[in-house]
There are 2 protein chains.
Amino acid sequence: MLCSKALNEGFPMVRKSASGRIGIADVAIKAGVSHATVSRVMNGNFTVDPEIAARVRAAAAELKYQPNPVGRSLALGKTDTIGIVVPDLANPTFQAILRGLSRAAAQDGYRVLIADSFEVSSEETILAGEARRRCDGLVLCAPRMSDAELEEIAPSLHPLVLINRTTSAPGVPSLVVDYGQGVQDIAGHLVELGHTRLAFLAGPPRSASNGMRLKGLETFKAAHLEVEVTMLEGGSDFDTGHEAVDAVLASGATGILAFNDLVAMGLMSGLHERGLDVPGDISVTGFDDIPFAKYTTPALTTAAVPITELGEQAWHQLRALIRKEGNEAPGSSYQPRLEVRASTGPAKAPRSTVHG
Amino acid sequence: MLCSKALNEGFPMVRKSASGRIGIADVAIKAGVSHATVSRVMNGNFTVDPEIAARVRAAAAELKYQPNPVGRSLALGKTDTIGIVVPDLANPTFQAILRGLSRAAAQDGYRVLIADSFEVSSEETILAGEARRRCDGLVLCAPRMSDAELEEIAPSLHPLVLINRTTSAPGVPSLVVDYGQGVQDIAGHLVELGHTRLAFLAGPPRSASNGMRLKGLETFKAAHLEVEVTMLEGGSDFDTGHEAVDAVLASGATGILAFNDLVAMGLMSGLHERGLDVPGDISVTGFDDIPFAKYTTPALTTAAVPITELGEQAWHQLRALIRKEGNEAPGSSYQPRLEVRASTGPAKAPRSTVHG
DNA sequence: GCGAACTGAGAAAACGCTTTCTGGTGCGGT
DNA sequence: ACCGCACCAGAAAGCGTTTTCTCAGTTCGC
């Protein structure tokens, strides 16, 4: 008590650079003008006498003054920051989206704040809310939460853009890859090569993109009754593929559609260890066309998704929302492009069905 | 003029939720208490009558009130956010660091803001400054800027931790991987296998970790005069390795130390296309032990770096700095672990030197 | 030569929160 | 019964900006 009082007496309202960091006030004092004028100069407001402006600029330079972004944010009501929530930062797909988003946003002077939900869907809601409050907008990447929950929180997250997920909440653009068409293209490719027994090594159950693939395969099966398609449980990483070898062999399939490139690579590796030849014995396909896919042995047949571009587009959509351009949130769909490489080849010996 | 005046008269200082978003004031009004009390309740201050606290909590819940982090940040002088600057977000190494950092920081309630300098060193200084001002601390990842510049800006960036780079500026912990020892281990492994002609496929010239590798190789050469080591220019990605095939073959080396796993994979892919066998004809090694390394064909011999852990440790160091624990910024060095897999084998035919 | 319009800069309010300061109430001690 | 102390909640002062408001000093027009 006494102490603090004594201190205050010794230091009567001087404060100056109390926080240690120099602020607008210091510049104002040094230049002999008011805070307001300094602010005007720093923001390029031309209603300031050029001579005074020069003096302020000199003072600012000398003190190496840089405006405090937090103060600015509070006054301006914007942070020049956007947030992105991803289910798993270790996943190359989300890394690529993040990269595209970050690059595009940076070009407009925005930074990105990341939030990794580690695939636990209950965290997503909280993370999204927190991130949104600190930012001017949010990108929700393949959220694992339920449709109902997504729809419920969407309004409070606006401006919001969704990647690989849709919602009926209004004003929320969605950027989705047409995984359904992609798997159909891949399956078609395998059938053309003579495969009649296919297997799909599925992804994370809660993943919407996995759902889209499953739906695509249903469509495919309906159109190709002669083809047998086995569904196998899986995941989204290497190890999933590696551990699925037994299940894959047990299925008797000769053409394997892996959930994504990672799973395909794990699977190929496992098959190789068993002494099986790809594509001699079994054809394997991936999805995404991650950079590595070109360089596996054999090079992986896959469906290329312009994933970095997706991140970039996400920023453009979000920017439009932030700027309140009444673009009615179009959203868009991306068609994967079949990329035939060396991991697929003619079926070895059709076992269950005889053609021609 | 007249308009605005009329407006003000009609709306005399009501404001309420001017920003559209509900604030502490709304809760205060609803609960019939002051802002201060709401703040106290929200922050778990127990000097509030339980009954009033309950009323406030009810009001907050009903209005779905969430404190505005920007206002909080300004008042508290902290943002609960840290920044990380990386030279290239596409590089798996930096992705892994980011992941480790993000995960560790999240556990302490901190978020991370990313800044990608795209390998242009002049951007780094600006990005670092901007990021730092928005955050409570900064991680500078393998900065490409000069030692002088780094030392100059380091004080203004404090709390700061460096990854794979050191500086003489005080109070800046450094987390470095001992790449020098790593390449020596790898080179030693190749020599044990009988290789006497090695080649090093270098990384980005400005990369400090590349410098450490070069230094390590110098040490190695001094200790193994019988071994010839060719230096080849390179980079840090797949394509670098893929395009280096000619240079590698021209060198006549039988053991190739690639800058990292990516380069090694690209190289193996290129060699495979030329019909060369790894490790039959040429042994190839990588560095980092990225997740993919286990799954290449042949599986890649490499030096494993606990890179995610590095990101994690970076957070712990930064946290200590933020909390002003006087830990005198120890920093630490990580030893890579040689991971022998299938991409290295006995030298085919020692050409220039004959042993025992 | 005087009022109106204009210019430019300072004063002050606002942004949304935390925290110190202040003051009223109720209690216990003497 | 009175003084003092502890308690608790409101008032207000920050935090570092931007921006509106205000007002003094000019300039212009008539």
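A note on names: the letters A, B, ... follow the listed sequences, proteins ahead of strands, and every chain is numbered from 1. Predicted model only: the values in this text are computed from it and were never measured.
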Participant: Nearest to the side chain of A/T37, heavy atoms from C-beta on, is which of C/dA9, D/dA9, D/dT18?
Facilitator: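 Shortest atom-to-atom distance from the side chain points to C/dA9.
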Participant: Please determine whether a side-chain nitrogen or oxygen atom of B/R72 lies at a distance below 4.0 Å from atom OP1 or OP2 of C/dT18.
Facilitator: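 Yes.
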Participant: Check the distance between C/dT7's C1' and A/D49's CG and give it to me in whole angstrom.
Facilitator: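 Value for this atom pair: 11 Å.
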Participant: Nearest of C/dC17, C/dG8, D/dT17 to any side-chain atom of A/P67?
Facilitator: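 The listed nucleotide nearest to A/P67's side chain is D/dT17.
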Participant: Take the protein atom NE2 of A/H35 and the nucleotide atom C1' of C/dA13, then report the distance between them rounded to whole Å.
Facilitator: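 Rounded to whole Å, this separation is 13 Å.
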Participant: Quick check for you: among C/dC17, C/dG10, D/dA9, whose closest atom lies nearest to any side-chain atom of B/V48?
Facilitator: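 The closest nucleotide is D/dA9.
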Participant: Within this structure, what is the CD1-to-C1' distance between B/I24 and C/dA14, rounded to whole angstrom?
Facilitator: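 Computing the B/I24:CD1 to C/dA14:C1' distance gives 16 Å.
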Participant: B/G32 or A/Q66: which one's nearest nucleotide on DNA chain D is closer to the 5' end?
Facilitator: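 Between the two, 5'-proximity favours B/G32.
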Participant: Expressed as a whole number of angstroms, how long is the span from B/I29:CD1 to C/dG16:C1'?
Facilitator: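 About 14 Å, once rounded to whole Å.
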Participant: State which of D/dT17, C/dA11, C/dG8 makes the closest approach to the side chain of A/A36.
Facilitator: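 The closest nucleotide is C/dA11.
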Participant: Quick check: do B/Q313 and B/L310 have side-chain heavy atoms less than 4.5 Å from each other?
Facilitator: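 Result no, sub-4.5 Å side-chain heavy-atom pair not found.
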Participant: Without decimals, in angstroms, what is the distance between B/L74 CG and D/dG14 P?
Facilitator: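 B/L74 atom CG is separated from D/dG14 atom P by 14 Å.
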Participant: Could you tell me the separation between the CG atom of B/D80 and the C1' atom of C/dC17, rounded to a whole number of Å?
Facilitator: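 From B/D80 CG to C/dC17 C1': 14 Å.
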Participant: May I ask you to test the A/V112-A/W315 pair for a side-chain heavy-atom distance under 4.5 Å?
Facilitator: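 In short, these two side chains do not touch, never coming nearer than 4.5 Å.
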Participant: Under 4.0 Å, counting only non-hydrogen atoms across every strand here, what does A/Y65 touch: a base, just sugar-phosphate, or nothing?
Facilitator: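 Touches sugar-phosphate only.
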Participant: What is the distance, to the nearest angstrom, from the CG atom on B/L76 to the P atom on C/dG16?
Facilitator: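 So the CG-P distance, B/L76 to C/dG16, works out to 16 Å.
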Participant: If you take atom types as modelled and just measure distance, does the side chain of A/R21 reach the base of D/dG16 with a donor-acceptor pair under 3.5 Å?
Facilitator: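 No.
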Participant: Would you say B/N43 reaches C/dT18's phosphate, i.e. side-chain N/O to OP1/OP2 under 4.0 Å?
Facilitator: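 B/N43 to C/dT18 OP1/OP2: side-chain N or O found under 4.0 Å.
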Participant: Of all the nucleotides listed (D/dT18, C/dC17, D/dG10), which has the minimum atom distance to the side chain of B/R40?
Facilitator: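 That would be D/dG10.
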Participant: Counting heavy atoms not belonging to A/H316, are there more than 12 under 6.0 Å from its NE2?
Facilitator: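 Yes, the 6.0 Å shell around NE2 holds more than 12 heavy atoms from other groups.
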Participant: For residues A/D116 and A/I114, determine if any side-chain heavy atom of one lies less than 4.5 Å from a side-chain heavy atom of the other.
Facilitator: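 Result no, sub-4.5 Å side-chain heavy-atom pair not found.
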Participant: If you look at every strand shown and take non-hydrogen atoms under 4.0 Å, does B/V33 touch a base, only sugar-phosphate, or nothing?
Facilitator: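 The answer is sugar-phosphate, as B/V33 gets under 4.0 Å only of primed atoms, P, OP1 or OP2.
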Participant: For A/H158, does the NE2 atom sit with more than 12 other heavy atoms under 6.0 Å from it, leaving out its own atoms?
Facilitator: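 Above 12, so yes.
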Participant: Could you tell me how far apart B/F46 (CZ) and D/dC8 (P) are, to the nearest whole angstrom?
Facilitator: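 So the CZ-P distance, B/F46 to D/dC8, works out to 12 Å.
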Participant: Name the residue closer to the 5' end of DNA chain D, choosing between B/I52 and A/V70 according to the nucleotide with the nearest heavy atom.
Facilitator: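 Result: B/I52.
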